[in-house]
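Please read the structure below before turning to the comments.
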Amino acid sequence: MKAVVYHAVGDIRFEDVPEPRILAPTDAIVRITASAICGTDLHFVRGTVSGMQPGTILGHEGVGIVEALGADVRNLQIGDRVVIPSTIACGNCSYCRAGYFAQCDGANPNGKEAGTSFYGGPQTTGPFHGLQAEKARIPFANIGLVKLPPEISDDQAILLSDIFPTGYFGAEMAEVGSGDTVAVFGCGPVGQFAIASAKLLGAGRVFAIDRHDDRLRMAQRQGAEAINFDREDPVETLKRLTGGIGVDRVIDAVGVDAEHGCCGAAATSSSAQGQLWQPGDAPSQALEWAVQSIAKAGTLSIIGVYPPDAMTFPIGMAMNKNITINMGNCHHRKYIPRLIEMVQARRIDPAKILTQVKPMTDVIAAFESFDRRQNGWIKVELQPQRSDARGSEERVLDEAVAETFPASDPTSMQNPR
């Protein structure tokens, strides 16, 4: 079968690999019908997050059809259509039973203290082969697969695998409530869903901070107030627009790959050397802005990806403002059923964030465009089972974003919890 394989920093290839097989009674084999490119994939390809093993299949977002089941997977049938939570969990340990699936004690073969396991990541996460492939082995499939209702399309479901749950998790960790003023730093796909989720949780105002006009335009379509940090100081602007108080809640949806120490998350190209990506620094500009702009006794939620060796944080300023800080990896399996219900109720259409749908055969070119932050490239779906490019699905930004995207935000359903 074909898959996207990591070979070295800046070197990924679309090539033939062995088909997956059942290795444990709780495994399943899923034929992937939709995958996606995520900003986290760029962390690995650029080298800003280290430890990737050559030969690892990339990708941690997937939708597909169950083709084979281990003997102990008793809640699924061959032919079921499923979404695959990005993080891997056993379902039996105390953390899983409490809903902390990203802190599972049983999934990571490196041990209980090794951290979150997910598909297509570095050695410390397993590693487990990823989902940018025609087929994938899913461990702990009775927990790690969620059946999809027929009315939810692949375009919608692929956003339920990772970025919609992560955005919702970020808004929930920020403790967003009715009437809150919220700032979201970074308006990539996760940031867009953090904005949407803040609105779903009842935020009164949401500010969107980025430097890319296409992303800020998408945020404005959601009703967010856009701030381009290339044109104005975001902290001064936030303070001025909030009467000098600052915002109640901040969500950092940027992470390690902040562009020039800020929120754009673009990498340096070095194609003349045969590589598309180079390792970058791990600046803390977004976190500094977050702490500076938050009101006293506010809450900071960090869902941007930072490597274990990132050590810089404005702790003194945060402490003296009595800030509450929540952070971590998303417990995808906890949130996906809830978000499926929201999509079914038409409170939100996650597919509106898709700006490109490409056949897997175009994946390397798609990675290049996504890495360059090419205008209009916000979220890319990959279709492994398709080899022809259907022009009607190669969406551009302004056609993708409906005026009501993403949340209907009915006043009678301000808080779904």
Side-chain angles (χ1 to χ4, degrees), residues 28-41 59-67 75-89 101 118-120 130-136 138 141-169 189-190 192-193 196-197 200 330-360 363 366 378-386 390 392-393 395 400-402 405-408 416:
I29 304 299
V30 173
R31 175 171 55 86
I32 304 295
T33 58
S35 186
I37 301 174
C38 180
T40 303
D41 298 327
H60 54 266
E61 298 166 275
V63 176
I65 308 295
V66 175
E67 285 203 342
N75 58 337
L76 296 166
Q77 299 182 51
I78 292 173
D80 281 345
R81 183 166 163 268
V82 292
V83 59
I84 305 168
S86 296
T87 45
I88 301 169
F101 293 102
F118 59 93
Y119 299 97
L131 307 179
Q132 291 173 3
E134 292 179 333
K135 295 182 182 181
I138 309 301
N142 56 313
I143 298 297
L145 294 175
V146 180
K147 290 178 66 174
L148 285 166
E151 62 268 24
I152 292 184
S153 68
D154 275 13
D155 286 358
Q156 294 172 319
I158 193 59
L159 285 316
L160 295 168
S161 179
D162 178 20
I163 62 169
F164 187 6
T166 302
Y168 193 90
F169 173 64
V190 170
Q192 297 293 336
F193 278 110
S197 299
L200 287 165
C330 180
H331 313 293
H332 297 90
R333 184 59 178 80
K334 173 182 177 180
Y335 293 99
I336 289 173
R338 185 188 311 178
L339 301 182
I340 286 175
E341 291 180 356
M342 288 189 188
V343 177
Q344 285 182 297
R346 298 185 179 181
R347 292 199 63 196
I348 184 168
D349 180 3
K352 296 297 184 182
I353 201 174
L354 288 174
T355 50
Q356 284 79 25
V357 179
K358 298 284 189 180
M360 188 75 83
V363 65
I378 294 179
K379 187 60 180 178
V380 185
E381 178 184 334
L382 301 172
Q383 295 185 335
Q385 310 302 323
R386 198 183 107 213
R390 289 180 285 181
S392 63
E393 293 199 11
R395 311 191 230 286
V401 186
F405 170 77
S408 60

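Only heavy atoms go into these numbers, but all of them, side chains included; no hydrogens, no water, no symmetry mates.
- The salt bridge (Lys or Arg N to Asp or Glu O under 4.0 Å) check on Glu341 picks up nothing, with sequence neighbours excluded.
- For Lys334, the salt bridge (Lys or Arg N to Asp or Glu O under 4.0 Å) criterion is met by no residue, not counting sequence neighbours.
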Using ring-ring contact (aromatic ring centres under 6.0 Å, His included), reason through His332 and Phe101 one step at a time and then give a plain yes or no. CA-CA 7 Å; His332 297 90; Phe101 293 102; over 10 Å; no

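- A donor-acceptor pair under 3.5 Å links the side-chain atoms of Gln132 to the main chain of Ala36, judged by distance alone.
- Surrounding CD of Glu151 are more than 12 heavy atoms belonging to other residues, nucleotides or ligands, all under 6.0 Å away.
- Residues satisfying the ring-ring contact (aromatic ring centres under 6.0 Å, His included) test with Tyr119, not counting sequence neighbours, are none.
- The distance from the CD1 atom of Ile340 to the CE atom of Met342 is 12.0 Å, given to the nearest 0.5 Å.
- Distance CD/Gln156 to NZ/Lys352: 9.0 Å, rounded to 0.5 Å.
- Annotation for Val83 and Ala157: closest pair CG2-O, 3.5 Å, computed over non-hydrogen atoms.
- Asp80 CG to Leu145 CG: the interatomic distance, rounded to the nearest 0.5 Å, is 9.0 Å.
- Residues satisfying the ring-ring contact (aromatic ring centres under 6.0 Å, His included) criterion with His60, sequence neighbours excluded, are absent altogether.
- Legend: residues meeting side chain to side chain contact (heavy atoms under 4.5 Å, CB included) with Pro337, ordered by chain and number and at least two apart, are Arg333.
- The closest side-chain heavy-atom distance from Lys147 to Leu76 is below 4.5 Å.
- Using a 4.5 Å heavy-atom threshold, the side chains of Gln344 and Ile152 count as touching.
- The CZ atom of Arg81 sits 5.0 Å away from the CG atom of Leu148 when rounded to the nearest 0.5 Å.
- Distance CZ/Phe193 to CG/Leu200: 10.0 Å, rounded to 0.5 Å.
- Residues Ser35 and Glu61 share a closest heavy-atom pair of OG-O, 2.9 Å.
- Residue Ile163 comes nearest to Leu159 through the heavy atom pair CD1-CD1, 3.3 Å, listed as atom of the first residue, atom of the second, then distance.
- Residues that satisfy the side chain to side chain contact (heavy atoms under 4.5 Å, CB included) test with Ala34, not counting sequence neighbours, are Val63, Asp154, Ile158, Glu381.
- Residue Gly130 comes nearest to Ala136 through the heavy atom pair O-CB, 4.2 Å, listed as atom of the first residue, atom of the second, then distance.
- Put simply, the side chain of Ser161 gets close to the backbone of Ile84: a donor and an acceptor are under 3.5 Å apart.
- The closest donor-acceptor contact from the side chain of Thr87 to the backbone of His331 lies at 3.5 Å or more, if one exists at all.
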From CA spacing to verdict: side-chain contact (heavy atoms from CB on, under 4.5 Å), Ser197, Phe169: CA-CA 8 Å; Ser197 299; Phe169 173 64; over 6 Å; no

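- Listed here is the closest heavy atom pair of Tyr335 and Pro165: CB-CB, 4.2 Å.
- Between Lys135 atom NZ and Ile65 atom CD1 the span is 12.5 Å, to the nearest 0.5 Å.
- Considering all non-hydrogen atoms of both residues, Pro85 and Gly144 come closest at CD-O, 3.0 Å.
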